[in-house]
Number of protein chains: 2
Amino acid sequence: MDGPADDPDPTPRRGPVTLRTIAELAGVHVTTVSRVLAPPAQAVRTSSPETAQRIREIAAELGYRPDPHGRALRTNRSHLVGVLVPRLADLVLATIYEGVEDAAGRAGYSTFVTNSQDDVARRADRTDMLLARRVDGILLGDAPVDGSSLGLLVERGVPYALVSRRAPGHPSVTCDDLAGGRLAAEHLLALGHRDVAVVAGEPYTSTGLDRTGGFLAAFAEAGHPVPDHRVRRSGFDVRGGREAAEALLATGPLPTAVFAVNDFAAIGVMGAVRDRGLTPGREVSVVGFNDVPLAAELPVGLTTVRSPMHEMGRRGFALLLARIEGRTWGSELLDPELVARASTGPAPR
Amino acid sequence: MDGPADDPDPTPRRGPVTLRTIAELAGVHVTTVSRVLAPPAQAVRTSSPETAQRIREIAAELGYRPDPHGRALRTNRSHLVGVLVPRLADLVLATIYEGVEDAAGRAGYSTFVTNSQDDVARRADRTDMLLARRVDGILLGDAPVDGSSLGLLVERGVPYALVSRRAPGHPSVTCDDLAGGRLAAEHLLALGHRDVAVVAGEPYTSTGLDRTGGFLAAFAEAGHPVPDHRVRRSGFDVRGGREAAEALLATGPLPTAVFAVNDFAAIGVMGAVRDRGLTPGREVSVVGFNDVPLAAELPVGLTTVRSPMHEMGRRGFALLLARIEGRTWGSELLDPELVARASTGPAPR
DNA sequence: CGACTCCGCCCAATCGTTTGGGCGGCGTGC
DNA sequence: GCACGCCGCCCAAACGATTGGGCGGAGTCG
């Protein structure tokens, strides 16, 4: 009863608008319509200006949108990319992803995002799902620093790029985490801190490793090497930071400052400091990393190293796109920046 | 030079595996392969057990995955759904989305998520993009309570469902926010609070409205109506909560408790309380909503109303799927639960 | 022994798009 | 006036999967 509408009224036109719909209305072949509506870049065998104009008008009036499935089938290009993150509920990754989606949208791409939970099996499973969806490439926000799990992609020849975390020998867009670690160290050194501790994040991530590495290097170069027992791995969330800080504060004399490689971990550290009746920024200074919006709003503002998360997402997508399109590319390091707030102060005597 | 591999070796087989690849290897027609590999539910015109077995083995060995574009083109079903959220960098929505993605994955669907920023134009734009991608349905996590912006979907006959925020007359899966507001009120009433304030969230959202409404109703019924000037709209983030709290605390006598309709807003409230030299849970009690993981880890643990965010996402997808498949469906209300921590205490005299 | 049924498979059309190959007709040059 | 070129368009063949329609052969039954 509600069939393909044989009323002669051309405007509301039931059903989806296809090239054929337009071709019939314009009294022309679908090929012609396709060629007219193709992006000007690949404008070969063009039509007469009048025909083109007429076709464009009809297409606009009907609200024609090319069917991505038909197009993908023919061109073998889906204009889809997969994005793998450890957890989307991690604000840092969510923000990076916003950048990715932003850039992808502008380039006419859509993204599937999915979380791997930093779990090997799940990562393989999700990658498989993305490949089954025929994505044009994959952006990895969860790469382990040893590059394991990238073999499959290389082997299959799937374009990919890393974002947030780097791995030697693979294309990536990351914050210059080594420099960021140094910034934190220099800030604390300038405030007179000599006896410090590090909440170091997960040891299989370049973010944790590099930030810690840069920090330790700067202290060592300044003549105040940080002993091993003052460095402790941790999760990247509040709980992880709190647990690591409790362990660090429990043993021996109190450090005068703690550097956490992630803001949420730093918030956990501040909680642990408070639990001992101390105030962050007075008895114990605390530095975080990333500068999430929350950092500025805390009762005691968190001193932190700002990383350009949104920008990182955008550039990460741009890098992936360059690889997909076979253009030249290179890995990128984005500059971090120190933001001093109330959680750091001069070292107590 | 790297063509379709005419070596007789059947196993590594260059290029993508299609039905034809399998058909040729099995010496059978593609139709037969398609029918064998179809889900058992729609098993009509089946093959002989031997043929079927052989086909399945070859498919498994080659790692056959049906091309979603070919399938979508033919069946007019993309197995794709769009998800619209205000901001993915909002932990609450990110968690709900994790639930959505979880359920979608299990059902063989993939999801596009995109943020509307609660902006009318952007929402229309993103919806359009999703429709252009030929999604089978749309899940809305950003619906305004007046249901505006849903007209387009209804009109076009696109299956949709609401999650997190409801709108009268539209299918939704939400937390029972009215009940949640009451839970918060009852908790504070039991602690002896009579003079309270509300940080009410955005007035165009059912979450803000219902949580506030339930809270106010319970206080009114208990004989302690909350005056208008003690209720103030706010953003759902830390800054929004802080700003609203500063306004509320500035005028007249201090309330003994503040209910914020969102945990992050509550964190902002606690910051404002601290700024005045007061301690949350002593001079001023604070209650939040959602129970995000951070709430338990704060220096002063946040009393809050837990909402089942992950579950909400899962059920939301299930509801959408029911509509897509034309099954019967109904809106759902999920039960909230009060979690008492240190940020609430007996009302001071 | 013939007719009928049904099983197991193949044929062909279709979804919407892109793209190399033709093919008339008009304009130009000699 | 004829040959040639090119402009503007149409034709047809893909891409991979699904699905109604046939068709030969084996089995059943009278």
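Reminder, nothing fancy here: chain letters follow the sequence lines and each chain counts from 1. Keep in mind it's a predicted model, so treat the numbers as computed, not measured.
In this structure, the CD1 atom of Ile55(B) is 11 Å from the C1' atom of dG8(C), given to the nearest Å. Nucleotide dT19(D) holds its P atom 12 Å from the CG atom of Leu19(B), rounded to whole Å. Counting to the nearest Å, the C1' atom of dA17(D) and the CG atom of Asn76(B) are 13 Å from each other. The separation between His29(A) atom NE2 and dG22(C) atom P is 16 Å, rounded to whole Å. dG16(C) atom P lies 12 Å from atom CD1 of Ile22(A), rounded to whole Å. Computed from coordinates, the Gln53(B) CD to dG8(C) P distance equals 15 Å when rounded to whole Å. Rounded to whole Å, the distance from CG on Leu37(B) to C1' on dA17(D) is 11 Å. We find that CG of Leu62(B) is positioned 14 Å from P of dG16(D), with the value rounded to whole Å.
For dA12(C), its base sits under 3.5 Å from the side chain of Thr31(B) at one donor and acceptor pair at least. Checked by distance alone, Arg35(A) brings a side-chain donor or acceptor within 3.5 Å of a matching partner on the base of dG20(C).
Every residue two or more places apart in sequence or in another chain was checked for a ring pair (Phe, Tyr, Trp, His ring centres under 6.0 Å) with His310(A), and none qualifies. Scored by the ring pair (Phe, Tyr, Trp, His ring centres under 6.0 Å) test, Tyr109(B) finds His79(B), Phe317(B) as partners (sequence neighbours excluded).
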Below 3.5 Å, can you tabulate the donor-acceptor pairs from side chains in residues 318-329 of chain A to any protein atom, sequence neighbours excluded?
| residue | atom | partner | partner atom | Å |
| --- | --- | --- | --- | --- |
| Arg323(A) | NH1 | Tyr160(A) | O | 2.9 |
| Glu325(A) | OE1 | Arg327(A) | NH1 | 2.2 |

Residues 147-158 of chain A side chain polar contacts: donor-acceptor under 3.5 Å, at least two apart:
| residue | atom | partner | partner atom | Å |
| --- | --- | --- | --- | --- |
| Ser148(A) | OG | Asp146(A) | OD1 | 2.9 |

Under 3.5 Å, sequence neighbours excluded: what are the donor-acceptor pairs made by side chains of residues 27-34 of chain B?
| residue | atom | partner | partner atom | Å |
| --- | --- | --- | --- | --- |
| His29(B) | ND1 | Thr31(B) | N | 3.1 |
| His29(B) | ND1 | Thr31(B) | OG1 | 2.9 |

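Neither OP1 nor OP2 of dC15(C) sits under 4.0 Å from any side-chain N or O of Thr18(A). In terms of phosphate contacts, Thr75(B) brings no side-chain nitrogen or oxygen within less than 4.0 Å of OP1 or OP2 of dA17(D).
With contacts defined as side-chain heavy-atom distances shorter than 4.5 Å, the pair Val173(B)/Leu334(B) qualifies. The side-chain heavy atoms of Glu101(B) and Thr114(A), taken from C-beta on, include a pair separated by under 4.5 Å.
Residue contacts shown for Val30(B) are absent, as no nucleic acid heavy atom lies under 4.0 Å away.
Near DNA chain D, defined here as any heavy-atom distance below 4.0 Å, the residues from residues 63-70 of chain B are Tyr64(B), Pro66(B), Asp67(B), Gly70(B), listed numerically.
The residue among Leu73(B) and Thr51(B) whose nearest nucleotide of DNA chain C lies closer to the 5′ end is Thr51(B).
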